[in-house]
Amino acid sequence: MKRVIIQSTIALLTLLVVGSALGQGSQFGRLTVEREIQRTQQFLEQVREAIMQADVPQALALLEQAKGNQQRALEALQGDQLLIAARYTKAAREQAKTALSLARRVEQYDGAVQRQLEIAGDLLERLDLALGQQDRRGLRQMYETLRDNLATGWEFYRQREYKPAYKLA
(Lines give C-alpha, C1' and ligand atoms only; values in the text may rest on other atoms or scores of the structure.)
Protein backbone atom coordinates (compact mmCIF):
# COMPACT_ATOMS: atom_id res chain seq x y z
CA MET A 1 0.00 0.00 0.00
CA LYS A 2 2.81 2.39 0.89
CA ARG A 3 4.38 1.56 -2.41
CA VAL A 4 1.19 2.49 -4.32
CA ILE A 5 0.90 5.77 -2.43
CA ILE A 6 4.55 6.60 -3.10
CA GLN A 7 4.17 5.74 -6.80
CA SER A 8 0.97 7.77 -7.03
CA THR A 9 2.63 10.70 -5.30
CA ILE A 10 5.64 10.48 -7.63
CA ALA A 11 3.33 10.28 -10.67
CA LEU A 12 1.33 13.27 -9.42
CA LEU A 13 4.48 15.30 -8.75
CA THR A 14 5.83 14.36 -12.20
CA LEU A 15 2.61 15.53 -13.83
CA LEU A 16 2.74 18.79 -11.90
CA VAL A 17 6.39 19.41 -12.81
CA VAL A 18 5.87 18.53 -16.50
CA GLY A 19 2.68 20.60 -16.66
CA SER A 20 4.44 23.52 -15.03
CA ALA A 21 7.38 23.18 -17.42
CA LEU A 22 5.06 23.05 -20.41
CA GLY A 23 3.23 26.11 -19.15
CA GLN A 24 6.50 27.96 -18.72
CA GLY A 25 7.66 26.79 -22.14
CA SER A 26 4.50 28.21 -23.67
CA GLN A 27 4.99 31.43 -21.73
CA PHE A 28 8.65 31.47 -22.77
CA GLY A 29 7.63 30.94 -26.40
CA ARG A 30 5.12 33.77 -26.18
CA LEU A 31 7.70 36.11 -24.66
CA THR A 32 10.14 35.23 -27.43
CA VAL A 33 7.57 35.96 -30.13
CA GLU A 34 6.54 39.20 -28.41
CA ARG A 35 10.18 40.26 -28.29
CA GLU A 36 10.62 39.46 -32.00
CA ILE A 37 7.49 41.43 -32.87
CA GLN A 38 8.79 44.37 -30.85
CA ARG A 39 12.17 44.14 -32.57
CA THR A 40 10.48 44.10 -35.97
CA GLN A 41 8.34 47.10 -34.99
CA GLN A 42 11.42 49.11 -34.10
CA PHE A 43 13.10 48.09 -37.35
CA LEU A 44 10.03 49.12 -39.35
CA GLU A 45 10.19 52.59 -37.75
CA GLN A 46 13.87 52.97 -38.63
CA VAL A 47 13.27 51.84 -42.21
CA ARG A 48 10.29 54.19 -42.55
CA GLU A 49 12.45 57.17 -41.61
CA ALA A 50 15.17 56.17 -44.08
CA ILE A 51 12.70 55.58 -46.89
CA MET A 52 10.90 58.86 -46.30
CA GLN A 53 14.20 60.69 -46.70
CA ALA A 54 15.04 58.77 -49.88
CA ASP A 55 11.55 59.32 -51.34
CA VAL A 56 11.39 56.04 -53.29
CA PRO A 57 7.78 55.02 -54.04
CA GLN A 58 8.59 51.34 -54.68
CA ALA A 59 10.36 51.05 -51.35
CA LEU A 60 7.44 52.74 -49.64
CA ALA A 61 5.04 50.19 -51.18
CA LEU A 62 7.21 47.34 -49.88
CA LEU A 63 7.24 48.91 -46.45
CA GLU A 64 3.44 49.06 -46.47
CA GLN A 65 3.34 45.34 -47.23
CA ALA A 66 5.71 44.75 -44.34
CA LYS A 67 3.43 46.74 -42.04
CA GLY A 68 0.52 44.54 -43.17
CA ASN A 69 2.46 41.41 -42.25
CA GLN A 70 3.40 42.95 -38.92
CA GLN A 71 -0.28 43.64 -38.23
CA ARG A 72 -1.09 40.02 -39.07
CA ALA A 73 1.65 38.95 -36.64
CA LEU A 74 0.05 40.99 -33.88
CA GLU A 75 -3.36 39.48 -34.62
CA ALA A 76 -1.92 35.95 -34.61
CA LEU A 77 -0.21 36.68 -31.28
CA GLN A 78 -3.51 37.83 -29.79
CA GLY A 79 -5.04 34.54 -30.96
CA ASP A 80 -2.16 32.59 -29.33
CA GLN A 81 -0.96 31.39 -32.73
CA LEU A 82 2.70 31.81 -31.88
CA LEU A 83 4.22 30.06 -34.90
CA ILE A 84 2.08 32.04 -37.32
CA ALA A 85 2.89 35.27 -35.51
CA ALA A 86 6.61 34.48 -35.68
CA ARG A 87 6.37 33.78 -39.43
CA TYR A 88 4.52 37.01 -40.15
CA THR A 89 6.91 39.17 -38.15
CA LYS A 90 9.89 37.51 -39.85
CA ALA A 91 8.30 38.13 -43.27
CA ALA A 92 7.68 41.77 -42.29
CA ARG A 93 11.32 42.19 -41.31
CA GLU A 94 12.53 40.66 -44.59
CA GLN A 95 10.26 42.94 -46.63
CA ALA A 96 11.51 45.95 -44.69
CA LYS A 97 15.12 44.93 -45.38
CA THR A 98 14.32 44.66 -49.08
CA ALA A 99 12.64 48.08 -49.04
CA LEU A 100 15.65 49.64 -47.33
CA SER A 101 18.02 48.02 -49.82
CA LEU A 102 15.95 49.31 -52.73
CA ALA A 103 15.91 52.84 -51.33
CA ARG A 104 19.69 52.81 -50.90
CA ARG A 105 20.22 51.44 -54.40
CA VAL A 106 18.07 54.18 -55.91
CA GLU A 107 20.00 56.83 -53.96
CA GLN A 108 23.28 55.44 -55.29
CA TYR A 109 21.89 55.30 -58.81
CA ASP A 110 20.68 58.89 -58.40
CA GLY A 111 24.24 60.02 -57.69
CA ALA A 112 25.68 58.08 -60.62
CA VAL A 113 23.15 59.55 -63.05
CA GLN A 114 23.75 63.06 -61.77
CA ARG A 115 27.51 62.63 -62.24
CA GLN A 116 27.03 61.37 -65.81
CA LEU A 117 24.79 64.33 -66.65
CA GLU A 118 27.34 66.75 -65.21
CA ILE A 119 30.18 65.10 -67.16
CA ALA A 120 28.12 65.25 -70.35
CA GLY A 121 27.42 68.94 -69.67
CA ASP A 122 31.13 69.66 -69.22
CA LEU A 123 31.97 67.84 -72.44
CA LEU A 124 29.26 69.74 -74.26
CA GLU A 125 30.69 73.05 -73.05
CA ARG A 126 34.15 72.03 -74.26
CA LEU A 127 32.67 71.08 -77.62
CA ASP A 128 30.94 74.45 -77.86
CA LEU A 129 34.24 76.21 -77.16
CA ALA A 130 36.02 74.04 -79.73
CA LEU A 131 33.42 74.81 -82.37
CA GLY A 132 33.68 78.49 -81.55
CA GLN A 133 32.46 80.59 -84.39
CA GLN A 134 33.08 77.97 -87.04
CA ASP A 135 30.51 77.93 -89.76
CA ARG A 136 30.16 74.18 -90.03
CA ARG A 137 26.45 73.63 -90.33
CA GLY A 138 26.55 69.81 -89.79
CA LEU A 139 28.61 70.07 -86.60
CA ARG A 140 26.43 72.88 -85.27
CA GLN A 141 23.27 70.79 -85.84
CA MET A 142 24.87 67.83 -84.08
CA TYR A 143 25.81 70.08 -81.17
CA GLU A 144 22.24 71.40 -80.92
CA THR A 145 20.88 67.83 -80.88
CA LEU A 146 23.32 66.87 -78.12
CA ARG A 147 22.36 69.94 -76.11
CA ASP A 148 18.65 69.10 -76.47
CA ASN A 149 19.30 65.50 -75.42
CA LEU A 150 21.15 66.68 -72.34
CA ALA A 151 18.32 69.05 -71.41
CA THR A 152 15.86 66.17 -71.80
CA GLY A 153 18.14 63.97 -69.68
CA TRP A 154 18.04 66.54 -66.88
CA GLU A 155 14.24 66.64 -67.12
CA PHE A 156 14.08 62.86 -66.72
CA TYR A 157 16.49 63.11 -63.80
CA ARG A 158 14.33 65.70 -62.02
CA GLN A 159 11.33 63.40 -62.50
CA ARG A 160 13.35 60.56 -60.90
CA GLU A 161 13.33 58.56 -64.13
CA TYR A 162 16.97 57.57 -63.97
CA LYS A 163 17.28 55.00 -66.73
CA PRO A 164 16.32 57.31 -69.61
CA ALA A 165 18.29 60.14 -68.00
CA TYR A 166 21.38 57.95 -67.86
CA LYS A 167 20.97 56.87 -71.48
CA LEU A 168 20.67 60.46 -72.64
CA ALA A 169 23.74 61.46 -70.63
Side-chain angles (χ1 to χ4, degrees), residues 29-79 81-169:
R30 182 176 182 80
L31 289 175
T32 301
V33 172
E34 286 175 349
R35 196 173 18 244
E36 287 302 306
I37 288 174
Q38 182 63 34
R39 197 171 124 219
T40 299
Q41 193 64 39
Q42 291 171 349
F43 184 62
L44 288 174
E45 290 299 318
Q46 293 169 348
V47 170
R48 184 186 64 77
E49 290 174 18
I51 288 176
M52 296 306 279
Q53 290 175 352
D55 189 32
V56 178
Q58 298 89 345
L60 193 56
L62 267 174
L63 183 61
E64 288 304 315
Q65 290 176 1
K67 286 180 180 180
N69 276 332
Q70 182 69 354
Q71 183 60 39
R72 288 182 201 86
L74 289 168
E75 291 167 3
L77 181 66
Q78 289 174 348
Q81 298 171 321
L82 301 181
L83 288 175
I84 293 172
R87 285 186 197 136
Y88 275 128
T89 198
K90 183 178 179 182
R93 200 174 311 144
E94 290 303 315
Q95 286 173 319
K97 285 179 186 176
T98 303
L100 184 60
S101 175
L102 177 63
R104 287 180 178 160
R105 218 173 315 130
V106 167
E107 282 183 327
Q108 290 171 351
Y109 197 51
D110 175 300
V113 171
Q114 182 180 6
R115 278 190 301 281
Q116 283 303 116
L117 287 167
E118 288 170 352
I119 290 169
D122 290 343
L123 290 173
L124 203 55
E125 283 179 26
R126 288 174 50 196
L127 179 61
D128 188 33
L129 290 174
L131 287 175
Q133 299 297 323
Q134 293 183 12
D135 191 25
R136 299 178 92 179
R137 188 174 179 89
L139 287 177
R140 218 8 107 177
Q141 286 177 337
M142 198 179 304
Y143 169 79
E144 295 298 326
T145 301
L146 290 172
R147 191 183 65 191
D148 292 343
N149 283 347
L150 185 60
T152 304
W154 277 108
E155 282 300 314
F156 278 122
Y157 175 78
R158 283 189 279 280
Q159 294 170 4
R160 302 181 73 84
E161 294 182 41
Y162 299 123
K163 196 170 186 174
Y166 188 77
K167 285 183 177 184
L168 286 169

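Treat the numbers as computed from the prediction; the structure is a model and nothing was measured.
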Ignoring hydrogens, what is the shortest heavy-atom contact between [X] and [Y]? Give both atom names and the distance.
{"X": "Thr89", "Y": "Ala73", "result": "N-CB, 3.6 Å"}
{"X": "Ala50", "Y": "Leu100", "result": "CB-CD1, 3.7 Å"}
{"X": "Ala99", "Y": "Leu62", "result": "CB-CB, 3.7 Å"}
{"X": "Ala66", "Y": "Leu44", "result": "CB-CD2, 3.8 Å"}

Legend entry - Electrostatic pair Lys67-Glu64, nearest N-O below 4.0 angstrom: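 Salt bridge present between Lys67 and Glu64.
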Inset, instruction - Determine, for Glu94 against Lys90, whether the closest basic-nitrogen to carboxylate-oxygen distance falls under 4.0 angstrom. - result: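 Here Glu94 does not pair with Lys90 in a salt bridge, since their nearest N and O are not under 4.0 Å apart.
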Could I get the full list of side chain to side chain contact (heavy atoms under 4.5 Å, CB included) partners for [X], not counting sequence neighbours?
{"X": "Glu118", "value": "Gln114, Trp154"}
{"X": "Ala91", "value": "Asn69"}
{"X": "Arg126", "value": "Leu123"}
{"X": "Asn149", "value": "Thr145, Leu168"}

Inset, instruction - Say whether, by atom type as modelled, one donor and one acceptor occur between the side chain of Arg72 and the main chain of Ile84 under 3.5 angstrom. - result: no
Legend entry - Check: Thr40 side chain, Glu36 main-chain N or O, donor-acceptor pair, under 3.5 Å: yes
Legend entry - Heavy-atom check, side chain of Leu74 versus side chain of Ile37, under 4.5 Å: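 In contact.
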Legend entry - Heavy-atom check, side chain of Leu63 versus side chain of Gln95, under 4.5 Å: no
Inset, instruction - Please determine which of Glu45, Gln41, Arg39, Gln46 meets the side chain to side chain contact (heavy atoms under 4.5 Å, CB included) test together with Phe43. - result: Gln46
Inset, instruction - Apply side chain to side chain donor-acceptor pair (under 3.5 Å) to Arg87 and list each qualifying residue two or more places apart in sequence or on a separate chain. - result: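 For Arg87 there are no side chain to side chain donor-acceptor pair (under 3.5 Å) partners, ignoring immediate neighbours.
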Legend entry - Sequence-distant partners of Arg147, side chain to side chain donor-acceptor pair (under 3.5 Å), two or more places apart: Glu144
Legend entry - No-hydrogen, no-angle side-chain donor-acceptor test under 3.5 Å, Ser101 and Arg105: yes
Legend entry - Derivation of the side chain to side chain contact (heavy atoms under 4.5 Å, CB included) call for Leu77 and Arg30: CA-CA 8 Å; Leu77 181 66; Arg30 182 176 182 80; 3.6 Å; yes
Legend entry - Reported CD-to-CG distance for the pair Glu155 and Leu150, which is rounded to 0.5 angstrom: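 Reported to 0.5 Å precision, the distance equals 11.0 Å.
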